[in-house]
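This report concerns only the one structure given below.
Heavy atoms only: backbone and side chains are in, while hydrogens, waters and symmetry mates are out. Predicted model only: the values in this text are computed from it and were never measured. The chains referred to below are lettered A, B, ... by the order of the sequence lines, with proteins before strands, and numbering in each begins at 1.
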Amino acid sequence: MKNREIAKLFEKMADMLEFKGENVFKINAYRKAARVIGDLSQDIDKLNREGTLRDIPGVGEGIAKKIKEYLETGQISKYEGVRKGVPDDLLAMMTIPGMGPKTVALVHKTLGISSIAELEEAVEKGRLRDLPGMGVKKEENILRGIALLRQSGERIALGVAIPILDEIVAEFKRRAKVQKILPAGSLRRMKETIGDIDILVTGHDGRKIIKAFTELPQVQEILAAGDTKGSIIVPGGLQIDLRVVPRASYGAALQYFTGSKAHNIHLREIAKTKGMKISEYGIFRGDRKIGGRKEEEIYTELGLAWIPPEMREDRGEIALAAQGKLPRLVEEKDIRGDLHVHSNWSDGSATIEQIALAARKRGYQYVAICDHSQSLKFAGGLSERRLLEQMEEIRRLNEKFSGIVVLAGTEVDIKTDGSLDYPDKLLEKLDVVVASIHSGFKQPEEKITARLLSALDNPHVDIIAHPTGRLISSRPPYLVSLEEVFAKAAETGTALEINAYYDRLDLNDTHCKRAAEMGAKLSIGTDAHHTDQLWMMRLGVAVARRGWLEKADLLNTWSVQRFRRFLSGH
DNA sequence: GCCGTTTTCGGCCCGACTGTTTTCAGTCG
């Protein structure tokens, strides 16, 4: 899929045109096209061949032509032309907080500055302060911006941010008198990575509330502490902002700070056509406020159904909300079992018994033990004999326990030649067979796709685990034709996993949406190696919700009886 | 550059903050 490649190209195009002082609406048009293409669940190459590029919202005649040109020749002549006049170093300067295109253009034109290092030197010599619109304070801000850019961390994984937030909210509630408290921003939307966290509260004494916030034991650094906004850094470099808002505009503020930006812009455009206006203070008709205490009011006044935060990415959810056709998203309480857990028989650390008890405590009906297979020596993969022993142990435990069914499973390795790491005769004996790739990540796309297709064709394989192999913090996905994988999964009735482990989330939101659209079934497994990782089911459910999945799309919302029927029929 | 139950031309989200101004430009979220 070249979607991301093309999205990045248009994003850079927008940056370059911005520097050149082009019309801002044209720049925004490129930005919008870049975002929509990057979010697209279908292969853009396929859309081009079908001649439906212009059905993509934000893609008109000009951009469609450029996409076509890129897909056919590997480059876009206009892009190459613009690029000659705008070195990458100049674009890098625009990433300094406080430095926008205008300021970069100014220092470049008047002082010939074309890199961050040169800029820093010029500021230190006081060469900027005499330029029009500049001053000593601006110079100081630029230096601060450069320092900020250098120390600013990467976005962190959702599964890392959530425990930090939970701990802070719990401690904060003990110390401050607040009425309502909710996180907003990308964390409320459960995006797979988080830049910073915004928390919204209502309460009486703003200053006191902010004071309590900045005195939390987790605080490493205080960035701001006013009457309505406090900003701290906690260990790990994560920034957390707390905003105190009046009750009367709590809903509007929550809606506003939850975003996404694209979703909010789209809502405001609709408001405008209806003679209304939305801000973080409320929704207005003329000067009259017609709502804002509750978040729902913003949507209902616009004639829309309330949209779950996970869907607010401007990927078509607003049109569905207008027609009253939003999906009924799956919820965590719908989940009946975890279909991917490792025990201490391979590289996990809990006994099967501990896992069974923990799963029962979570209210599950079943849990699948899926330890690694024999060739994965470094992960303690089970020999055929050990796997048979484990099946015997699971049988014994099932006799002992009530209220939870332990399923005998495996995470069988799909070897580099596409064969499975256990013979069919053994796989046949298991309740659940999960298959996945752990080696040969660098193989060409056709090879890896073929490996997955042959695993999908094996009648004993029930689920393909982490289908793209990516690790959020450290490893890009291997090259694979997901369209072929999804089509084959739909054909064979094999499920595709949403791996809920915090560093995987694989399939991701747009992938699982596409897979479901193509008729494939999905399942969520935590890949937990510890009983205290079972909570990550919440992350998997979030991915499913961001992929618009309903209860019926996921195997592990089924009762144990129905799930067993699926397994035996498969 | 995109888009159309107000428009095929003339629009294109909204408000706050900062630092520089003497009424506003630039930047941010």
Exercise. Would you mind pulling out the nucleotide paired to dG26(B), Watson-Crick or G-U wobble, both distances under 3.5 Å?
Key: dC17(B)
Quiz prompt | Protein-nucleotide distance (Leu149(A), atom CG; dC28(B), atom P), rounded to Å | solution = 11 Å
Quiz item: Pro132(A) near the nucleic acid: base, sugar-phosphate alone, or nothing, with a heavy-atom cut-off under 4.0 Å?
Solution: nothing
Exercise. Determine whether more than 12 heavy atoms belonging to other residues, nucleotides or ligands lie under 6.0 Å from atom NZ of Lys12(A).
Key: yes
Quiz item: Tell me: CD1 of Ile270(A) to P of dT6(B), nearest whole Å?
Solution: 13 Å
Practice problem: Round to a whole Å and report the spacing from NZ of Lys102(A) to P of dA25(B). | Solution: 10 Å
Quiz item: side chain to side chain donor-acceptor pair (under 3.5 Å) between Asp89(A) and Ser114(A): does it pass, once the steps are laid out?
Solution: CA-CA 6 Å; Asp89(A) 282 349; Ser114(A) 20; over 6 Å; no
Quiz item: Between atom CG in Asp314(A) and atom P in dC2(B), what is the gap in whole Å?
Solution: 16 Å
Quiz item: Of Lys66(A) and Phe25(A), whose nearest nucleotide on DNA chain B comes first from the 5' end?
Solution: Lys66(A)
Quiz item: NA contact type, Lys32(A), heavy-atom cut-off 4.0 Å: base, sugar-phosphate, or nothing?
Solution: nothing
Quiz item: Quick one: is Thr103(A) getting a side-chain N or O under 4.0 Å of the dT27(B) phosphate, OP1 or OP2?
Solution: yes
Self-check item: Distance-only donor-acceptor test, Tyr256(A) side-chain atoms vs dG29(B) base atoms, 3.5 Å
Solution: yes
Quiz item: Between atom CD1 in Ile199(A) and atom P in dG29(B), what is the gap in whole Å?
Solution: 18 Å
Quiz prompt | Nearest-angstrom distance from the residue atom NZ of Lys137(A) to P of dC17(B) | solution = 15 Å
Quiz item: Between Pro101(A) and Lys78(A), which is nearer to the 5' end of DNA chain B once each is assigned its nearest nucleotide?
Solution: Lys78(A)
Quiz item: Which value, in whole Å, describes the distance between the P atoms of nucleotides dT5(B) and dG15(B)?
Solution: 25 Å
Exercise. Taking only the side-chain nitrogens and oxygens of Lys277(A), find out if one of them lies under 4.0 Å from OP1 or OP2 of dG15(B).
Key: yes
Quiz item: Hey, is the side chain of Asn23(A) poking within less than 4.0 Å of OP1 or OP2 on dG1(B), counting only N and O atoms?
Solution: no
